[in-house]
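Hydrogens, waters and symmetry mates play no part in the numbers below; they use all other heavy atoms, side chains included. In the text below, chain A, chain B and the rest are named by the order of the sequence lines, each starting its count at 1. Remember, it's a predicted structure, so these values are computed and weren't measured experimentally.
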Number of protein chains: 2
Amino acid sequence: MNTLSYGLLALLARNNSSGYDLMLKIQPFWQAKHSQIYPLLSRMEEQHLLSAEWIQQTDKPDKKIYAITPLGEQRLKEWMQLPAGEPVSRDELVLKAFCLWTTDRENAISLFGTRSIYYQERIHYFEQAIHKMPEEVRQFGTRDFGLYILRQKGLATAKANLEWTTWVIDMLKNSTTESSSQPQHQ
Amino acid sequence: MNTLSYGLLALLARNNSSGYDLMLKIQPFWQAKHSQIYPLLSRMEEQHLLSAEWIQQTDKPDKKIYAITPLGEQRLKEWMQLPAGEPVSRDELVLKAFCLWTTDRENAISLFGTRSIYYQERIHYFEQAIHKMPEEVRQFGTRDFGLYILRQKGLATAKANLEWTTWVIDMLKNSTTESSSQPQHQ
DNA sequence: GGACCCATGTAAAGGGTTACATGATTTC
DNA sequence: GAAATCATGTAACCCTTTACATGGGTCC
């Protein structure tokens with residue numbers, strides 16, 4: 001049982017879903033391809049953590065709907081008592097920054113400009129997603145409270161990072177003149 | 001040539017280092033174990049991207065100091081022209097949040113409390129690291145400008161996330177009373 | 001005496017991505 | 001006519017972690 005398995009269990013504890021659905025739901029928070037999710041779900045079914053049912057569809061391909069079993073719920077509860085591991089982040093731009101001094105200003109601006117657009121899109125996505133949630137989920141105990149705080153986390157992180165890219169681009173643009181600047185946090 | 005290889009090249013373009021040093025330097029920005037770094041460096045040496053020299057030491061074990069070759073510098077420049085891939089983050093706490101409603105308030109507070117300490121430690125680390133840097137590095141073109149902006153990124157992200165954990169814990173503590181709250185960003 | 005730091009490496013196992021494979025319906 | 005969406009799966013490869021392996025010096 002790896003971490004992704006528990007994530008799938010956690011999503012299935014909220015709603016029965018197909019593998020395809022799970023892939024889409026988990027995307028904004030944990031990158032995983034369908035080729036990783038489908039075999040995992042099969043194995044979890046074999047281990048009786050999940051039950052499955054094929055649903056016939058006429059206009060779309062048939063789909064396999066998974067549901068969490070009592071055993072699955074038990075394992076999930078045990079996992080929830082364990083402290084969470086430290087977050088891992090891998091960002092190519094971070095490694096490129098290590099040798100930013102070897103490249104020209106134009107290229108540097110282009111690298112951070114592209115990333116800036118990425119953060120703007122993420123902000124837009126999370127703002128929309130939060131906007132569509134009903135008021136009730138803002139209270140602990142509701143089924144979607146977790147999703148609500150995760151979207152707030154995604155939004156806050158994207159905003160902080162967008163501010164950072166803006167600050168960097170500003171420094172890069174002013175790098176020939178004698179101006180100096182400090183990051184404008186808060 | 002994978003992304004980590006370029007990261008090692010980028011660090012070596014700044015300073016000749018041993019594998020052990022590289023492991024420590026890259027840690028705060030890209031998690032990689034020595035068992036991954038040592039074989040990578042060997043392969044890069046075979047491909048003539050790096051040159052190496054053994055340094056005898058009396059009180060400590062001998063070490064192998066790597067330096068980037070002209071071919072390595074060329075590859076690094078080519079890579080710098082390519083746009084950076086999207087960042088990937090994997091955080092177990094995020095998956096636990098999906099099923100926060102299945103656990104009790106105490107356990108939820110403990111999960112976010114532990115994470116809160118993690119962010120506080122990161123803030124402290126980055127603040128110290130930035131404090132120790134000379135003023136000159138705050139200008140594009142200096143060799144350590146990249147490291148400076150990365151530390152500012154790490155600091156900004158950790159601060160935003162600490163604020164988020166504080167906000168969540170506050171909501172969790174007030175979850176039995178009728179109070180409601182909104183995230184206090186900015 | 002035990003734990004930690006320095007320093008390098010290999011081997012095995014597990015996690016994750018890319019590519020292969022199929023096929024109907026809808027949208028531009 | 002091409003691309004995207006829905007929907008599932010397998011195989012090969014690469015990336016990453018964990019464990020094995022060694023050994024002196026320092027700190028408590």
Verdict with reasoning, A/Ser17 to A/Lys25, per side-chain hydrogen bond (donor to acceptor under 3.5 Å, both in side chains): CA-CA 10 Å; A/Ser17 310; A/Lys25 284 180 193 169; 2.9 Å; yes
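- Nearest heavy-atom pair across A/Ala108 and A/Leu100 is CB-CD1, 4.0 Å.
- Put simply, CE on A/Met23 is 10 Å from P on D/dA7, counting in whole angstrom units.
- Taking the six-membered ring wherever Trp is involved, the centroid distance between the rings of B/Trp164 and B/Phe112 falls below 6.0 Å.
- For the segment residues 42-49 of chain B, the set of residues with a heavy atom within less than 4.0 Å of an atom of DNA chain C is empty.
- Proximity of residues 1-19 of chain A to DNA chain C (heavy atom under 4.0 angstrom from any strand atom) is restricted to A/Asn2.
- Comparing D/dC6, C/dA7, C/dG16 against the side chain of B/Asp21 picks out C/dA7 as the nearest.
- Between A/Tyr20 and the phosphate of D/dT8, there is no side-chain N or O to OP1/OP2 separation shorter than 4.0 Å.
- Note that A/Arg115 lies in the cation-pi zone of A/Tyr118, set by a 6.0 Å cut-off to the ring centre and a 45° limit from the axis.
- An angle of 50°, rounded to 10°, separates the two end axes of the helix from C/dG1-D/dC28 to C/dC28-D/dG1, each defined over five pairs.
- By the 4.5 Å heavy-atom criterion applied to side chains, B/Cys99 and A/Leu76 are counted as neighbours.
- In terms of position on DNA chain C, the residue among B/Pro39 and B/Leu24 whose nearest nucleotide sits closer to the 5' end is B/Leu24.
- At whole-Å resolution of the value, CG in A/Leu22 and C1' in D/dT8 are 13 Å apart.
- Look at CG on B/Leu41: it is 14 Å from P on C/dA7, rounded to the nearest Å.
- Rounded to whole angstrom, the span from the CD atom of B/Glu86 across to the P atom of C/dT17 amounts to 12 Å.
- A close approach under 4.0 Å does occur between a side-chain nitrogen or oxygen of A/Gln57 and OP1 or OP2 of D/dA7.
- Side chain to side chain, B/Glu92 and A/Trp79 meet the donor-acceptor criterion of an N or O pair below 3.5 Å.
- When rounded to the nearest whole Å, the span between OH of B/Tyr38 and P of D/dT17 equals 16 Å.
- Listed by chain and residue number, A/Thr103, A/Asp104, A/Asn107 satisfy the side-chain contact (heavy atoms from CB on, under 4.5 Å) test with B/Gln81 (two or more places apart in sequence, or in another chain).
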Worked verdict on A/Ser42 versus A/Glu46 for side-chain hydrogen bond (donor to acceptor under 3.5 Å, both in side chains): CA-CA 6 Å; A/Ser42 290; A/Glu46 278 172 35; over 6 Å; no
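- Residue-environment remark: CD (A/Glu53) stays at or below the threshold of 12 foreign heavy atoms within 6.0 Å.
- When the nucleotides D/dC15, D/dA19, D/dA7 are ranked by their closest atom to the side chain of B/His34, D/dA19 comes out on top.
- In this structure the side chain of B/Arg138 reaches within 4.5 angstrom of the side chain of B/Tyr148, judged on heavy atoms.
- Separating the CD1 atom of B/Ile37 from the P atom of C/dC6 is a distance of 15 Å, rounded to the nearest angstrom.
- Rounded to whole angstrom, the span from the CD atom of A/Gln31 across to the P atom of C/dT18 amounts to 12 Å.
- The aromatic rings of A/Phe145 and A/Phe140 lie perpendicular to each other, with more than 60° between the two planes, well past the 30° mark.
- Judged by distance alone, with hydrogens and angles left aside, B/Ser35 brings a side-chain donor or acceptor within reach of the base of D/dT18, the pair sitting under 3.5 Å.
- More than 12 heavy atoms of other residues, nucleotides or ligands lie within 6.0 Å of CD in A/Gln128, so this atom counts as buried by the packing criterion.
- Of the candidate nucleotides D/dC6, D/dT8, C/dT17, C/dT17 has the atom nearest to the side chain of B/Arg90.
- Annotation: B/Phe98 is in aromatic contact with A/Phe29 [ring centroid separation under 6.0 Å].
- A salt bridge links A/Glu45 to A/Lys64: at least one charged side-chain nitrogen sits closer than 4.0 Å to a carboxylate oxygen.
- For the pair B/Val88 and B/Gln36, both in contact range of DNA chain C, the more 5′-proximal nearest nucleotide belongs to B/Gln36.
- Taking B/Asn2 as the reference, B/Leu4, B/Ser5, B/Leu40 meet the side-chain contact (heavy atoms from CB on, under 4.5 Å) condition, with sequence neighbours excluded.
- In this structure, A/Gln56 places its CD atom 14 Å from C1' of D/dT8, rounding to the nearest Å.
- Residues of residues 60-69 of chain B that place a heavy atom closer than 4.0 Å to DNA chain C, in numerical order, are B/Lys60, B/Pro61, B/Asp62, B/Lys63, B/Lys64.
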